[in-house]
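One structure is given below, encoded as structure tokens.
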Amino acid sequence: MRAKAGSFRLSARLCGDGSPTLLIGPNGAGKTTLLRTICGGHTPESGRIRVGDRILYDSGAGLSLPPGERGVGYVPQGSGLFTHLDVLDNVAFGLVANRPRPPRRERRSSALSMLGDLGCEHLARRTATTLSGGERQQVALARALVADPDLLVLDEPLAALDAGARPATRRFLARHLAACRAASLIVTHDVRDLRGLGAKQVHVLEAGAVVQSGSPDELAASPATAFVGEFFAYP
């Protein structure tokens with residue numbers, strides 16, 4: 001897939017199976033641009049995006065599904081919560097695009113259950129503006145997971161959590177990803193996420209291109225760039 005954002009050019013080919021696929025790279029490498037392109041927030045110049053048997057984008061066929069029809073659960077770095085809704089309705093909104101759409105009471109019940117699984121059901125009646133950065137990130141994660149999408153695209157989903165909440169949330173996310181049917185692409189700057197989330201495939205993006213791919217052990221043993229060597233220097 002090839003994409004352009006201003007003067008920045010992205011040319012990347014990624015693949016993964018049912019296990020979590022992790023994406024690492026220095027700041028400015030194009031990771032967020034890549035995720036937004038997969039979700040439909042940015043239109044590439046050429047290429048193909050496929051999830052299972054579904055084609056989300058194909059420049060040759062002139063096909064580009066709108067974001068709401070892609071079946072992608074997206075957690076951006078800034079959480080993307082609606083400030084006019086409380087936490088419960090923010091999470092329940094993740095089910096609005098499902099077909100058939102569940103009734104409102106069912107959506108809210110599923111949302112409350114997911115918040116409970118993440119240990120933050122006590123936030124249900126709070127508004128997004130009253131939450132800490134870590135709390136907003138947990139709520140955004142709950143909203144993406146509750147929809148049971150075909151693909152989860154998570155942009156540093158644990159980075160905003162404090163040291164006390166991060167391990168428990170990582171363990172929950174690992175269990176969820178192992179049990180659900182969704183593929184996942186996760187950006188991280190923390191080497192502990194690679195091990196803790198059970199990643200078998202890691203792609204390294206630098207200056208808009210994939211410079212190395214492999215298992216965490218393969219990358220740690222034979223880093224292709226200085227960034228990869230530094231990333232694995234402190235396990």
Side-chain angles (χ1 to χ4, degrees), residues 1-39 42 44-51 72 74-78 133-134 137 141 144 151-163 165-178 182-235:
M1 178 182 66
R2 297 179 183 275
K4 182 180 179 182
S7 60
F8 180 81
R9 290 193 173 275
L10 174 71
S11 179
R13 178 183 176 87
L14 277 71
C15 61
D17 54 19
S19 62
T21 298
L22 275 286
L23 183 65
I24 65 174
N27 292 334
K31 302 183 298 296
T32 296
T33 298
L34 176 60
L35 299 194
R36 291 188 65 246
T37 302
I38 292 171
C39 296
H42 184 76
E45 293 181 317
S46 63
R48 195 166 184 248
I49 302 172
R50 179 173 65 87
V51 178
V72 177
Y74 179 40
V75 176
Q77 288 186 36
Q137 204 69 3
L141 184 59
L151 173 65
L152 283 163
V153 173
L154 312 178
D155 198 350
E156 298 189 55
L158 307 177
L161 276 61
D162 62 36
R166 193 177 301 127
T169 305
R170 184 187 292 116
R171 288 193 296 270
F172 166 77
L173 182 57
R175 292 194 302 270
H176 184 92
L177 294 176
S184 56
L185 178 61
I186 305 168
V187 168
T188 184
H189 284 286
D190 191 336
V191 67
R192 292 169 294 185
D193 291 342
L194 275 61
R195 312 290 186 183
L197 295 176
K200 295 180 181 178
Q201 183 76 356
V202 182
H203 298 287
V204 184
L205 192 69
E206 296 192 33
V210 175
V211 297
Q212 189 173 11
S213 299
S215 70
D217 288 341
E218 290 169 341
L219 269 60
S222 301
T225 68
F227 169 83
V228 181
E230 184 69 18
F231 186 91
F232 286 96
Y234 303 100

Point to revise | V210 versus A12, closest heavy-atom pair with distance | key: CG2-CB, 4.0 Å
Check your understanding: Do L154 and S184 come close enough that some side-chain heavy atom pair is under 4.5 Å?
Key -> no
Check your understanding: When you check the gap from the basic side-chain N to the acidic O, do K31 and D155 get nearer than 4.0 Å?
Key -> no
Exercise for review: May I ask you to test the R2-S11 pair for a side-chain heavy-atom distance under 4.5 Å?
Suggested key: yes
Study note, to complete from the structure: Here the gap from L152 atom CG to L177 atom CG, rounded to the nearest 0.5 Å, amounts to 6.5 Å
Review point. Just by distance, do the side chain of H203 and the backbone of R13 share a donor-acceptor pair under 3.5 Å?
Key: no
Revision key, fill the gap. Of all heavy-atom pairs linking G198 and P20, the shortest is O-CD, 4.0 Å
Practice item. Output the distance between atom CG (L14) and atom CD (Q201), rounded to the nearest 0.5 Å. Key: 8.5 Å
Review point. Would a 4.5 Å heavy-atom cut-off, applied to side chains only, mark N27 and H189 as touching?
Key: yes
Practice item. Hey, could you give me the CG/OG distance between L197 and S19, rounded to the nearest 0.5 Å? Key: 11.0 Å
Practice item. Applying side-chain contact (heavy atoms from CB on, under 4.5 Å) between T33 and each of L205, I38, L10, report the one that passes. Key: L10
Revision key, fill the gap. Looking only at heavy atoms, the pair that brings L185 and L151 closest together is N-CD1, 4.3 Å
Review point. What pair of heavy atoms forms the shortest contact from T21 to G16, and how long is it?
Key: OG1-CA, 3.6 Å
Check your understanding: Does the side chain of H42 come under 3.5 Å of the side chain of T37 through a donor N or O and an acceptor N or O?
Key -> no
Check your understanding: In terms of heavy-atom contacts, does CZ of R166 have more than 12 from other residues, nucleotides or ligands at under 6.0 Å?
Key -> yes
Check your understanding: Between E45 and R9, is there a salt bridge with N-O shorter than 4.0 Å?
Key -> yes
Review point. CG of L22 to OG of S213: how many Å apart, nearest 0.5 Å?
Key: 12.0 Å
Exercise for review: Test side-chain contact (heavy atoms from CB on, under 4.5 Å) on F231 and V202 and set out the steps.
Suggested key: CA-CA 12 Å; F231 186 91; V202 182; over 6 Å; no
Practice item. Hey, could you give me the CG/CD1 distance between D190 and I24, rounded to the nearest 0.5 Å? Key: 11.0 Å
Point to revise | Point-to-point distance, once rounded to the nearest 0.5 Å, from CD1 of I49 to CE of M1 | key: 5.0 Å
Study note, to complete from the structure: Of all heavy-atom pairs linking P26 and E206, the shortest is CD-CG, 3.7 Å
**Study point:** For A160 against G133, the heavy-atom pair lying closest together
**Key:** CB-O, 3.8 Å
Check your understanding: With distance as the sole test, does Q212 use its side chain to make a donor-acceptor pair with the main-chain N or O of A224 at under 3.5 Å?
Key -> yes
Point to revise | Test item: S222 and E218 side chains (from C-beta on) under 4.5 Å apart, heavy atoms | key: no
Practice item. Go through the steps to decide whether F227 and V211 satisfy the test side-chain contact (heavy atoms from CB on, under 4.5 Å), and finish with yes or no. Key: CA-CA 11 Å; F227 169 83; V211 297; over 6 Å; no
Point to revise | Ionic contact status for R195 with D217, cut-off 4.0 Å | key: yes
